[in-house]
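Reviewing the structure listed below.
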Amino acid sequence: MKPMAGRDEYKRLMKAPRRTTTPCRDVADFTADRLDADQQRTLEAMCASCPLWALCNAYAAAARPTVGFWAGRPASEISKPLAVAAV
Ligand code: SF4
């Protein structure tokens with residue numbers, strides 16, 4: 001059976017908040033379906049100050065979530081296929 005993408009990164013991220021308060025805690029916009037430009041800038045700034053940014057970014061890169069706002073960017077940007085360099 002194929003393991004869930006990002007499972008280990010998710011475990012590390014979920015353990016960390018027990019010791020650390022994240023700016024996104026209880027902020028509904030982080031799970032909103034759509035964000036306007038001002039909302040997105042606000043969330044980007046919150047993520048930029050987050051002590052768990054690296055763990056969150058590692059999870060987002062591994063799991064490629066399709067909803068939410070992760071490590072300073074919306075899921076729609078995370079889930080885009082990676083660009084492949086021309087050879
Ligand atoms: S970097 Fe991740 S954990 Fe930190 S505020 Fe942003 S979404 Fe929340």
Side-chain angles (χ1 to χ4, degrees):
M1 176 188 251
K2 185 178 175 184
M4 180 183 88
R7 183 182 62 189
D8 293 341
E9 291 83 358
Y10 185 77
K11 284 181 182 175
R12 284 193 282 275
L13 180 60
M14 288 302 107
K15 283 182 183 173
R18 292 181 190 153
R19 305 183 306 267
T20 309
T21 300
T22 59
C24 60
R25 182 173 287 176
D26 299 326
V27 178
D29 282 352
F30 277 88
T31 55
D33 290 336
R34 292 171 193 257
L35 299 169
D36 64 28
D38 286 342
Q39 289 171 307
Q40 186 161 327
R41 277 192 291 274
T42 299
L43 300 190
E44 288 170 1
M46 293 169 81
C47 288
S49 69
C50 180
L52 299 184
W53 183 89
L55 290 172
C56 186
N57 189 54
Y59 167 71
R64 296 178 162 289
T66 56
V67 297
F69 196 90
W70 301 84
R73 60 206 193 283
S76 59
E77 291 182 16
I78 298 165
S79 60
K80 286 179 185 170
L82 295 174
V84 177
V87 202

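Counting starts at 1 for both ligands and their atoms, following the listed order.
Taking both residues in full, the closest heavy atoms of Ala60 and Trp70 are given as CB-CB, 3.9 Å, listed atom of the first, atom of the second, then distance.
At least one side-chain heavy atom of Pro23 sits less than 4.5 Å from a side-chain heavy atom of Ser49. Counting only heavy atoms from C-beta outward, the side chains of Arg12 and Asp8 approach each other to under 4.5 Å. Contact annotation: the side chain of Asp29 never approaches that of Thr42 to less than 4.5 Å [non-hydrogen atoms, C-beta and beyond]. A heavy-atom distance below 4.5 Å is found between the side chains of Gln39 and Asp36.
Checked by atom type and distance alone, the side chain of Glu77 never pairs as donor or acceptor with a backbone atom of Pro74 at under 3.5 Å.
Atoms of ligand 1 lying under 4.0 Å from any heavy atom of Phe30, numbered from 1 in the order shown and given with element: 6 (Fe), 7 (S).
Residue-and-atom listing of protein N/O/S atoms under 2.8 Å from atom 4 (Fe) of ligand 1, sorted by chain and number: Cys50 SG.
Partners of Phe69 by ring pair (Phe, Tyr, Trp, His ring centres under 6.0 Å), not counting sequence neighbours, listed by chain and number: Phe30.
Proximity of Phe69 to ligand 1, defined as any heavy-atom pair under 4.0 Å, is confined to the backbone N, CA, C and O atoms.
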